[in-house]
Structures are given as structure tokens and as C-alpha cells.
S.K.: 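This is the structure I want to talk about, given as C-alpha cells.
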Amino acid sequence: MAAVEMNAYETLSSATTEETIRLAGISKYFAAIPALRDINVDFKPGEVHAILGENGAGKSTLMNIIAGTLQPTEGEIIFEGQKVPQMSPDMAASLGIAICFQHPAILNDLSILENLSVALPASVLRNRSTRDLAEQTLRSVCLDLPLNMRSGHMTVAQKHLLEIGKAIAVNPKLLILDEPTASLDQEATEMLFGLIRTAAKNGTAVIYITHRLAEIRQIADRVTVMRDGRIRGAARVSEITDGELVNMIVGRTLEAAFPPKSEAGDLSPVFKVEELSGDGFSNVSFSVARGQILGVAGVSGNGQSELMRALAGLHQTRGAAILHGRQLGQKELLDEAAFMPSDRHLEGVANGLTVRENATFSALEKFATGGILSKTAEHQKVRSIFGDLAVKTPGLEASIQALSGGNQQKVVMARALLSEPGIVIADEPTQGVDVGARFEIYRILRSVSKAGTPVIVNSSDAVELEGICDKVIVMSRGQVVETLVGEEITEERIVAAAVRSEAHDIGHESSGSPQSMSRLRHFMESDIAPVVPLALVTILLGLFVNSQNDNFLSAYNISNILLLATALGFIAMGQTIALLMGGIDLSVGPLAGFLVVIASFFVNEDMSAGVMASGFLLMAVGAFVTGAINGILIRFANFTPIAATLAMYIAIQGLSFLLRENPDGYINSTVTDWVNWQIGPFPVAFLVLVGVTLLGEYALRRSRAGRRLRAVGSNEDSARRVGIRVDLTYVGGYILCSMLTCLGAVMLMTQIGVGDPRQGVAYTLSSITAVVLGGTSLAGGRGTFVGTIMGAVLLTEVLSAVTFLSLTQTYQYLFQGALIVIAALIYSAARRRSA
């Protein structure tokens with residue numbers, strides 16, 4: 001049959017108009033494992049071309065090759081009749097190729113506006129306000145969200161809609177949609193189909209990847225089926241049946257879409273909920289009898305996901321949850337419930353663990369005797385359940401990231417079942433899962449239910465709920481508006497109950513106006529928020545020490561504190577850049593000392609202005625080379641940031657001692673006077689630091705380079721997929737880090753006045769402390785230069801306070817540690833209160 005379909009497809013291709021893009025002989029191997037083999041397919045303007053296949057069939061790999069995020073091992077890409085020598089995300093964007101990824105390339109640490117400004121090409125933004133275009137993009141996908149909202153607070157469905165909006169905003173010649181409706185409700189799906197039809201009518205070639213056969217009938221003109229990395233058949237949608245498509249997808253005949261429902265029996269409840277209320281839902285009541293599967297339905301965003309998380313014990317609630325006659329509190333729900341989250345990327349899988357570890361980490365006690373884990377028992381159980389779920393994996397010890405999205409979802413389900421739970425809470429369990437695997441998941445859920453374990457399923461697919469559920473509660477605005485049982489459960493009844501509900505929003509009490517509360521929340525979520533507690537601690541500390549010694553806030557001491565803070569401030573700014581990228585630079589301290597040693601040979605009393613200028617130039621060159629080597633080691637030699645910069649730390653410190661074994665080479669006093677020049681109590685160098693900080697802060701928030709820097713730290717993979725040159729950004733960031741350290745070295749040079757190889761080392765730890773105090777995330781993506789400078793001032797103030805209070809150096813470290821903890825607690829508590 002596949003051969004017949006392929007012949008029909010070849011005839012179709014030759015008879016239609018010139019293609020937008022053609023793939024000829026595309027193969028892709030990961031090591032020796034083939035992901036794609038000899039793919040020949042074309043996509044034509046004005047046509048919606050669906051791609052079907054099981055998870056792991058190669059669909060997403062093929063789309064990543066078209067988008068330029070992966071390179072084919074063999075074959076060629078022809079776009080509008082011209083061969084593309086090497087596709088890249090930048091090249092794809094310039095050709096007019098836009099892709100909506102199955103896992104949205106949304107950068108959680110950036111705002112919605114920043115995500116759009118980073119992702120949209122300059123050609124689209126030309127002669128247009130970024131804000132206006134962003135507002136138009138949100139309107140096009142019916143999203144009503146503030147542009148300054150941090151994207152990490154968006155729901156999965158909202159991220160998918162934003163991803164769709166980004167793709168459509170560029171008016172692409174080729175639009176690739178990879179599982180675009182996986183998390184969308186019916187209303188959003190219909191809106192998307194309207195956008196697709198409009199794009200196709202305007203001449204866009206659309207590639208539509210889905211697991212839902214019903215969607216193919218609604219939206220696609222042609223369909224191509226993939227299995228095991230090969231094309232198994234193709235046809236016009238109007239000329240092929242669902243049964244024939246399923247047979248090509250799975251390579252076998254499925255007996256039915258859904259397993260038979262449970263027969264009516266003892267309907268006494270096994271699990272019941274009475275007047276349950278929580279954040280996002282109110283007064284929810286239902287019961288589940290033995291053998292029943294309960295469905296939760298409704299338009300997305302009406303409290304379904306919040307209810308599921310509460311039933312899993314993840315949120316606090318009011319009301320009663322009773323299992324087998326025993327009332328469960330939040331802790332008991334956590335122990336009894338197995339939760340399958342809708343966002344497997346964020347909550348479902350642990351990326352650093354293997355496939356086996358992801359399947360068993362919540363059930364290790366099941367394989368242990370006397371506290372000793374039995375690997376044999378663990379492997380046998382995992383293989384058994386993987387066989388039931390048809391999980392495709394290179395091996396149990398393979399990285400979870402080596403699996404396709406659908407197979408990762410099956411591993412999440414395997415973990416839930418291995419824990420032998422008292423209740424199964426499945427939030428969108430088949431999201432992004434192929435038709436064959438869906439049947440296996442449905443069968444397993446039914447088997448679990450028949451064994452007496454209550455199963456609760458939330459799904460945005462009304463057909464799915466009709467097929468697997470014995471009872472369905474429909475939610476609107478956080479309340480149950482209808483309960484359907486048995487024959488009442490139909491797609492029409494579910495949809496009608498959801499869209500016709502007149503339930504009122506449960507509302508929230510507020511002591512202030514919504515606008516003022518929104519502004520406060522957005523401020524507390526912003527990167528600049530840590531400046532407030534830092535400033536408060538700095539002022540209070542100064543007042544306290546001055547009450548003990550009234551010389552502390554004298555003009556002389558303030559000037560001294562600010563002067564010392566300037567050196568640390570410049571170095572800490574460089575460290576901020578490294579941390580924003582998700583890295584770290586341990587070499588900044590020794591580098592500052594090394595640059596002072598270099599200066600000590602040139603910036604002396606008896607040297608001419610030209611020689612001294614050469615010294616400063618050599619300092620800049622040394623900093624540039626150090627940063628470049630750090631960046632190259634990390635990006636191209638596969639060193640971790642800690643390993644690369646630690647090696648540089650040792651190397652630079654060794655060079656410093658080679659140049660000078662002991663302090664020598666006194667710095668020119670005139671240069672020292674100029675660098676330390678001050679206006680009143682304020683050193684000019686500190687004012688320069690403030691100016692550089694404000695410019696850096698502006699660039700970090702407003703420039704494409706600054707946003708790309710933060711994007712790399714937020715999510716490197718997503719940054720690459722939106723076209724950011726990650727390697728170049730990383731190397732450039734480390735160079736800038738070292739150049740800022742060079743400015744700090746100039747300040748250090750005038751403070752110590754001599755080339756001393758032992759000086760500077762302490763700045764590594766101090767710079768990291770200042771950055772952390774300033775609120776920059778060690779995970780990357782979030783931070784502020786202003787907070788860093790405030791942290792540097794506070795640390796320097798602590799040093800001075802220890803002296804003025806006549807305390808030992810031990811107290812310096814105690815105070816530093818205490819301040820970090822206090823500032824972090826104040827900031828975290830304020831953010832929680834505003835949430």
C-alpha cells in the first residue's frame with residue numbers, strides 16, 4: 001500500500017505548481033543511529049501539507065533541518081528553485097521560513113515584549129514600533145496579556161499561542177507548525193485554523209505536524225506519513241481514509257480508538273471531593289467510583305489545571321478530599337497522588353537524568369530491600385512497563401533528552417504508575433503523543449481504573465474525554481457548571497456546557513486598585529527589585545555604625561568607601577555578564593592583579609606619556625585575550641565555565657609571579673591623582689562607574705545585544721532556535737567581562753600603588769558575592785547591573801564598618817554571609833507577597 005501511495009504522491013508532485021521548498025535525499029544520523037533516511041518531499045505555495053507519524057518517526061528532526069537548527073548528514077534543500085548550501089536559523093529567517101516548535105522557543109526570563117523583539121527579524125521591525133508590532137501580534141492570536149509580563153508566568157497554552165503569533169508576524173513564505181494545537185482548547189484551535197487558511201490563501205506554504213486525524217480533515221490539502229525515519233506514503237487528504245492513515249502510521253491495525261468503558265456496578269465512591277476551593281477554583285464537588293475515570297473539561301484557563309495540581313497536593317486548598325473513607329490533607333495528597341503534569345519539559349522530566357532514572361526516581365523504595373536498591377528488579381519493572389507503553393528509547397541508560405517528546409511523556413506516565421499511587425492525576429496525558437501511543441495510554445488508564453485506583457484526567461480534547469471517561473465535570477471560571485455521566489458524555493454536550501456557562505468569576509479580594517497591584521507585582525517580578533532591600537540594608541547599616549562612631553559618615557570615609565567600591569564594581573559588572581549567560585568567571589580576580597603587574601612596568605614615575613599609554617594598551621590587550629580564550633574554551637573546546645575559568649585563574653596567577661616574585665614597580669603618582677580625583681565626597685571614577693552602569697542597564701533592557709545576552713542565559717536551546725548566534729554571544733560576553741575587569745584593575749592599580757602578584761585574587765569571591773547580593777540569578781537570564789553596583793557598595797561598607805567598630809576580620813565574613821541571607825529573604829518574601 002505504501003508503494004502505491006508513494007507513486008500517487010510522485011504523480012501529484014509533478015502535476016502541481018513549482019514548490020516553495022523541496023527536500024531531496026535527506027538523511028540524518030546521530031552517531032550511527034539513523035533518524036531520517038532518504039527523505040524526498042516538496043511543499044507548495046498556498047497548500048497546507050500535513051505530516052503524520054508516531055513519536056520518534058523523525059518529523060521534528062525533519063522540521064529542524066528545514067529551520068536550520070540541525071544539519072542533514074546527506075541530501076540537499078532547494079528553496080524556490082535554488083539550492084541552499086547550508087541552512088541556518090538566520091538563513092531560514094532571511095528566506096522567509098518561520099517555525100512554530102512543538103516546545104515553544106519562549107525565553108522564560110524575558111518579558112513578552114523582549115521575547116518578540118529578540119525573535120522577530122530586523123526586517124519586520126524596520127520602520128515600526130516594537131511595542132505596536134508586539135500588541136498586534138498578541139491581538140492576532142487573541143492573547144490579552146501585559147507586554148512587560150515575564151514569559152515564565154505564561155501558561156503552556158499561552159506560550160504556544162505566542163509562538164504561533166511570532167511565526168505569523170513575519171508573513172512567511174513557508175510556515176512550519178509542529179503540534180500547534182497540543183495544548184489549545186477548541187476555541188483557540190478554531191482561531192488558529194482561521195490564521196492558517198488566511199496564510200495559505202496569501203500564498204504561504206504550510207507544513208502542519210499533528211497526531212490528531214480530525215485536524216487533518218479540517219485544515220490539510222495533502223498528507224505525508226512518516227515511520228522509522230522514512231516516508232511511508234502520501235496522498236490528498238480527500239482521497240485517503242482514516243483507517244489507511246492509521247495503518248501507515250503505526251504499521252499495524254488498531255482495533256479501536258478507545259478501550260471499552262467499565263460496566264455499571266458498585267457506584268459507591270472510592271474518592272470524593274466536597275466543596276474544594278483554592279487559587280483559581282471554588283466549591284468543586286465530585287465523586288469517583290471503582291472502575292470509573294473522571295474527566296475534567298472546559299475552555300482553557302478556567303481552573304482545570306489549578307484543580308489538578310491541588311488534587312496532587314501541590315497547592316493549598318479548603319474543603320475535603322476523601323480517599324477510601326479517609327480525609328486527606330495536602331501532605332497526604334502528595335503521598336497518595338501520582339501527578340502527570342501537562343508541561344513535561346518544565347515539570348515532567350529531569351533533563352540531567354537517564355531514561356531509567358526518570359522512570360523510577362519517585363518509586364525507588366519499591367526496588368529496595370533493607371535500604372539496598374536492587375538494580376535487577378528496577379530494570380525488569382522498567383522494561384515491563386516500557387513494553388506496555390511502547391516506549392521507544394535507545395536504551396535505559398540513555399539521556400532523557402535523546403527521546404522524542406511523546407516518548408518523554410510515556411516515561412512520565414511510567415513513573416506515575418511505578419509509584420503504585422492511591423490516585424492518578426493526569427493533566428493532558430496525551431498532549432503531543434501519537435495515535436498508536438494514545439491507545440496504549442488509554443488502555444493503561446482504563447486498566448488502572450478497573451484495578452480500583454481512581455483516575456482523574458484533564459483534557460482540552462472533548463473527543464478524548466468522550467471516549468475514555470465514565471463521568472465528566474465541566475468547569476467555567478473556576479466552578480463546576482455541569483456534570484455528565486454515561487451516555488450524556490458527548491463532544492457536543494461537553495463543548496456546549498463550557499461555552500454557554502453563565503458562571504461568575506470567583507474573584508479575589510484586594511485592598512488596592514487592580515492597576516496599582518499589577519504595577520507592584522510587575523516591579524517585584526523585575527530584575528531591578530533587589531535594589532530596594534539592598535538600598536535599605538546599606539542605609540540602615542550606615543546609620544547604625546555612625547551611631548557607634550560618628551566619623552563613619554564623614555565626607556572622607558564616604559569618599560574612601562566609594563573609591564574602593566569602584567574597583568569591585570567594575571569587576572563585579574564583568575562577573576554579572578558571565579552569570580547572565582549562565583556561566584561564571586573565576587579568573588577575574590587574578591586577571592585584575594595580573595593587569596596591575598603589567599602596568600607596574602610601564603606606568604612609573606620615570607616613564608614618558610607614550611610608554612605609560614603603551615602600558616594601558618597592553619592591559620586592554622591582556623584583558624581581551626583572556627576573555628577570548630575563556631569564551632573559546634567554553635564554546636569550542638567543551639570546557640565547563642568553572643573548568644575553563646579555573647584553568648585561566650591558575651595560569652594567570654602563575655604568570656603574575658613569573659613577572660614579579662615580590663611587590664615592585666611603583667605607580668606614577670600623577671596618574672594616581674587623576675584616577676582618584678574627586679568632586680566633594682564623590683570620586684569621579686565612581687561617577688563614571690555609575691554612568692557605565694546606567695548605560696549597561698539600558699543596553700541590557702533595550703538593545704538587541706543585551707536581550708540576546710540574557711536570552712542565551714535563559715535557555716540556550718530556545719535562543720539558538722530563534723536565530724541568536726549563541727557561540728558568538730558567549731565569546732563576546734566573556735571578552736566584555738574581562739574588559740570591565742580591566743577598568744577595575746586601573747582602579748586597583750592606583751589603590752595599591754605597586755605591582756603585587758598577590759593582589760586581586762580576593763576579587764573573584766567578592767565579585768560573585770556582589771552579583772548574588774544584587775539579585776542576579778546563578779542559573780542565568782536574570783540580573784541587573786544596578787543591583788550589582790549596590791552589592792559592591794554594601795560589601796565595601798561592611799569592610800569599613802568592621803574597622804570602625806574595632807572588630808576582627810572574622811566579623812567581616814560573618815557580616816557578609818548574614819547580609820546575603822537577609823537580603824535574599826527580604827527579596828523572596830516581598831516577591832511571594834506580591835504574587
Side-chain angles (χ1 to χ4, degrees), residues 68-69 88-91 93 107 109-110 114-115 117-119 121-122 527 570-588 591-592 595 617 619-645 647-649 652 692-745 767-768 771 776-785 788:
T69 54
S88 67
D90 281 348
M91 174 69 74
L107 300 152
D109 294 301
L110 274 62
E114 290 170 335
N115 265 277
S117 66
V118 165
D527 293 346
F570 277 119
I571 297 171
M573 279 187 71
Q575 189 71 258
T576 302
I577 292 173
L579 288 170
L580 280 171
M581 296 188 298
I584 196 169
D585 192 345
L586 301 179
S587 67
V588 291
L591 174 61
L595 296 178
L617 179 61
M619 291 174 71
V621 170
F624 182 92
V625 171
T626 300
I629 292 174
N630 278 334
I632 290 169
L633 286 175
I634 294 167
R635 298 311 303 178
F636 300 105
N638 295 322
F639 279 62
T640 65
I642 289 178
T645 58
M648 185 61 70
Y649 178 114
I652 290 177
V692 172
T693 300
L694 295 177
L695 286 174
E697 194 69 28
Y698 180 85
L700 204 59
R701 311 293 162 199
R702 303 289 182 176
S703 72
R704 289 178 71 87
R707 289 167 175 170
R708 287 177 174 180
L709 186 80
R710 290 159 54 213
V712 168
S714 179
N715 188 307
E716 183 179 317
D717 183 55
S718 292
R720 184 176 286 106
R721 285 191 283 161
V722 299
I724 294 175
R725 296 180 179 178
V726 173
D727 293 339
L728 183 62
T729 301
Y730 221 91
V731 174
Y734 268 93
I735 289 173
L736 188 54
C737 172
S738 294
M739 296 305 290
L740 286 166
T741 300
C742 181
L743 294 178
S767 68
I768 295 172
V771 174
T776 295
S777 170
L778 292 174
R782 297 185 60 171
T784 165
F785 291 130
T788 293

S.K.: From Met739 CE over to Thr626 OG1, what is the distance, rounded to the nearest 0.5 angstrom?
M.R.: 10.5 Å

S.K.: In Å and rounded to the nearest 0.5 Å, what is the OG1 to CD1 distance from Thr640 to Ile584?
M.R.: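 Reported to 0.5 Å precision, the distance equals 10.5 Å.
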
S.K.: Go through the steps for Ser777 and Asp109 under the test side chain to side chain donor-acceptor pair (under 3.5 Å), then give the verdict.
M.R.: CA-CA 10 Å; Ser777 170; Asp109 294 301; over 6 Å; no

S.K.: Could you check whether Arg635 pairs with Glu716 (Lys NZ or Arg NE/NH1/NH2 to Asp/Glu carboxylate O, under 4.0 Å)?
M.R.: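 Salt bridge between Arg635 and Glu716, a charged N being under 4.0 Å from a carboxylate O: yes.
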
S.K.: Would you check if Tyr734 and Pro641 make a side-chain contact, meaning some heavy-atom pair closer than 4.5 Å?
M.R.: yes

S.K.: For the pair Ser117 (side chain) and Glu114 (backbone), establish whether a donor and an acceptor sit closer than 3.5 Å, ignoring hydrogens and angles.
M.R.: yes

S.K.: Look at the side chain of Gln575 and the backbone N and O of Asp585, then say whether any donor-acceptor pair between them is shorter than 3.5 Å.
M.R.: yes

S.K.: Measuring from atom CZ of Arg782 to atom CG of Leu579, what distance do you get when rounded to the nearest 0.5 angstrom?
M.R.: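 Here the rounded value is 14.0 Å.
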
S.K.: What closest approach, in Å, do Ala711 and Ile724 show between heavy atoms, and which atom pair accounts for it?
M.R.: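 The answer is CB-CD1, 3.6 Å.
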
S.K.: Give a yes or no on whether Ile642 atom CD1 has more than 12 heavy-atom contacts from other residues, nucleotides or ligands under 6.0 Å away.
M.R.: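 No, CD1 of Ile642 has 12 or fewer neighbouring heavy atoms, counting only those of other groups under 6.0 Å.
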
S.K.: Quick check: closest heavy atoms across Cys737 and Val588, and the distance to 0.1 Å?
M.R.: SG-CG1, 3.9 Å

S.K.: Identify the heavy atoms of Leu633 and Ala644 that sit nearest to each other, and give their distance.
M.R.: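 Scanning both residues completely, I find the closest heavy atoms to be CB-CB, 3.9 Å.
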
S.K.: Between the main-chain N or O of Leu586 and the side-chain N or O of Thr645, is there a donor-acceptor pair closer than 3.5 Å?
M.R.: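 Checked: pair present.
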
S.K.: May I have the step-by-step check of side chain to side chain contact (heavy atoms under 4.5 Å, CB included) for Asp727 and Val731, ending in yes or no?
M.R.: CA-CA 6 Å; Asp727 293 339; Val731 174; 5.6 Å; no

S.K.: Can you check whether Asn115 reaches Arg707 side chain to side chain, under 4.5 Å on heavy atoms?
M.R.: no

S.K.: Specify the closest pair of heavy atoms between Leu107 and Ser718, including all atoms of both residues, with the distance to one decimal.
M.R.: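 Shortest heavy-atom separation between Leu107 and Ser718 comes out as CD2-CB, 3.9 Å.
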
S.K.: To the nearest 0.5 angstrom, please state how far the CD1 atom of Ile629 sits from the CD1 atom of Ile634.
M.R.: 12.0 Å

S.K.: Do you know the tightest heavy-atom contact between Arg708 and Val118?
M.R.: N-CG2, 4.4 Å

S.K.: Is a side-chain donor or acceptor of Glu697 paired with a backbone partner of Phe785 at a separation under 3.5 angstrom?
M.R.: yes

S.K.: Between Arg725 and Asp90, is a side chain to side chain contact (heavy atoms under 4.5 Å, CB included) present by the stated rule, with each step listed?
M.R.: CA-CA 9 Å; Arg725 296 180 179 178; Asp90 281 348; 3.1 Å; yes

S.K.: So, applying side-chain contact (heavy atoms from CB on, under 4.5 Å) with Thr576, which one of Val771, Leu740, Ile571 is it?
M.R.: Val771

S.K.: Working to the nearest 0.5 Å, report the span between CD1 of Ile768 and CG of Leu778.
M.R.: 8.5 Å

S.K.: Give a yes-or-no answer on whether the side chains of Asn630 and Ser738 include a donor-acceptor pair shorter than 3.5 Å.
M.R.: no

S.K.: Got a second to check how far Leu591's CG is from Ile652's CD1, nearest 0.5 Å?
M.R.: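 Here the rounded value is 4.5 Å.
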
S.K.: Which pair of non-hydrogen atoms, one from Met573 and one from Thr788, has the smallest distance, and what is that distance?
M.R.: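 Where Met573 meets Thr788 most closely, the heavy atoms are N-CG2, 3.9 Å.
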
S.K.: For the pair Thr776 (side chain) and Gly783 (backbone), establish whether a donor and an acceptor sit closer than 3.5 Å, ignoring hydrogens and angles.
M.R.: no

S.K.: With no hydrogens and no angle check, is any side-chain donor or acceptor of Arg710 less than 3.5 Å from a backbone partner on Leu700?
M.R.: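 Confirmed, Arg710 side chain pairs with Leu700 backbone.
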
